[in-house]
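Structure first, commentary second.
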Protein chains: 2
Amino acid sequence: MGLTKTEMFTDQQNEIALFAKAFGHPARVSILQHLFKIDSCVCGDLVSEIGLAQPTISQHLKELKHLGLIKGNIEGTSVCYCIDKENWAAMKNVMSEFLDQDLSQKQECC
Amino acid sequence: MGLTKTEMFTDQQNEIALFAKAFGHPARVSILQHLFKIDSCVCGDLVSEIGLAQPTISQHLKELKHLGLIKGNIEGTSVCYCIDKENWAAMKNVMSEFLDQDLSQKQECC
DNA sequence: TTTATTAATCGTAATATTGCAATATAATAA
DNA sequence: TTATTATATTGCAATATTACGATTAATAAA
C-alpha cells in the first residue's frame, strides 16, 4: 500500500517519525550539516556542494522548510536559507525523549 | 527514480540517514517504545498492542533487527525480542553528533 | 525592454515503502 | 503422527519518494 496508518499512533510517535523521515535521506542530512557549517547559504551553493540537480535540492529544501527546520529569506535573485535554531532545539527535545529511553535503568532480558 | 544516490555522500551521512529512516515510521517508533517499556516482548504482543497485521509487524521487526537495534531469541514457539542496548547507545552517539550541531555557538543569519 | 541569473514548480519515470492475505516454517502439545 | 501455536516469508496492490528535464517566475543587470 505505501500508506502509513498514522491514526493508530500517538501524536508523539507521529511527530518523531516525521522528523526522522526528514533525516532519512543523506542529501537532507548533508544540506543541514552544510547550513550549520557556514551558517548561511543560497540554493546554488548547495547544488554545487552536494552534486544533485537544482530541482532536487530545491525539493529537499522545501521539505525541510515545511517541517520548520530551516527558513529562507529572498535576497535579490537568490535565497538565503538557514537553520531555524528555535525549531531545531524543539525538534531535539522531541527526538531526545525517544532516543534517551535507555537511560531509565532496566535489565537486559536476552 | 526513488533511488538514493548514496555514493555521493559520506559514510557518516549515510549512516545517520539509515538510522533516521528506521525511526521514520510510527509503527517502528511504537515498537521500540514498547520494547523499552516492558524490556522484553514477543511479536504477538506487539500485534495486539499496535493493531497492524502480524506480517506487517514482522516486517518492521526484521528491519529493526537488520539495523542491529533489536535482537530476538527464540523461546519455544515464540520469539523474545528486545532492544540491543549496546547498539542503541552506539546509534545515539551517531545521531547526537548530528542533532547537537547547534551547540557550537554561531550567529543567526536571517 | 531585453537579457542574464537564480530558484521554484510541473510533469514524469524509476524505485522504495507499506500493508496484508495466503502460505510456509518451526516448535510444542496431544 | 497430527494438531496447535507463533512467527517468517512470499507475492502483490497501493502509495510514497527520489531525481531530473523542461518550464516558469522573479529579480537584477545591461
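Keep in mind it's a predicted model, so treat the numbers as computed, not measured. A note on names: the letters A, B, ... follow the listed sequences, proteins ahead of strands, and every chain is numbered from 1.
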Let me check something: any side-chain donor-acceptor pairs from residues 57-70 of chain A under 3.5 Å, sequence neighbours excluded? List them with distances.
| unit_1 | atom_1 | unit_2 | atom_2 | d |
| --- | --- | --- | --- | --- |
| H60(A) | ND1 | R28(A) | NH1 | 3.0 |
| E63(A) | OE1 | R28(A) | NH1 | 3.3 |
| E63(A) | OE2 | R28(A) | NH1 | 3.2 |

Inset, instruction - Do nucleotides 3-9 of chain C as a string where each nucleotide becomes B, S or -: B if the base has a protein heavy atom under 4.0 Å, S if just the sugar-phosphate does, - if no protein is that close. - result: --BSBBB
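Atom CE in M8(B) sits roughly 10 Å away from atom C1' in dA19(D) (whole-Å rounding). Atom CG in N73(A) sits about 18 Å away from atom P in dA26(D), given to the nearest Å. Across the protein-nucleic acid pair, L52(A) atom CG and dG21(D) atom C1' stand 15 Å apart, rounded to whole Å. Rounded to a whole Å, the CD atom of E63(B) is 13 Å from the P atom of dT9(D). Going from atom CD of E75(B) over to atom P of dA27(C) covers 14 Å, rounded to whole Å. Atom CG of L64(A) is separated from atom C1' of dT18(D) by 14 Å (rounded to the nearest Å). In this structure, L46(B) atom CG and dG19(C) atom P are separated by 14 Å, rounded to whole Å. Look at CG on L18(B): it is 14 Å from C1' on dT17(C), rounded to the nearest Å.
Each of I38(A) and V42(A) belongs to its own hydrophobic cluster when Ile, Leu, Val, Met, Phe, Trp and Tyr are linked at side-chain heavy-atom distances under 4.5 angstrom. Residues V94(A) and F19(B) share a single hydrophobic cluster, defined by chaining ILVMFWY side chains whose heavy atoms lie under 4.5 Å apart.
The local environment of CG in N93(B) is crowded, with over 12 non-hydrogen atoms from other residues, nucleotides or ligands closer than 6.0 Å.
Proximity of H25(A) to the phosphate of dA19(D): a side-chain N or O atom is located under 4.0 Å from OP1 or OP2.
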Legend entry - From CA spacing to verdict: side-chain contact (heavy atoms from CB on, under 4.5 Å), M95(B), M95(A): CA-CA 10 Å; M95(B) 295 306 284; M95(A) 294 306 284; 5.5 Å; no
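Nearest heavy-atom pair across I50(A) and A27(A) is CD1-O, 4.1 Å.
Nearer to the 5' terminus of DNA chain D, by closest-nucleotide assignment, is the contact made by K21(A) (compared with the other of A53(A) and K21(A)). For the pair T56(A) and G76(A), both in contact range of DNA chain D, the more 5′-proximal nearest nucleotide belongs to T56(A).
A donor-acceptor pair under 3.5 Å is absent between the side-chain atoms of S30(B) and the main chain of P26(B), judged by distance alone.
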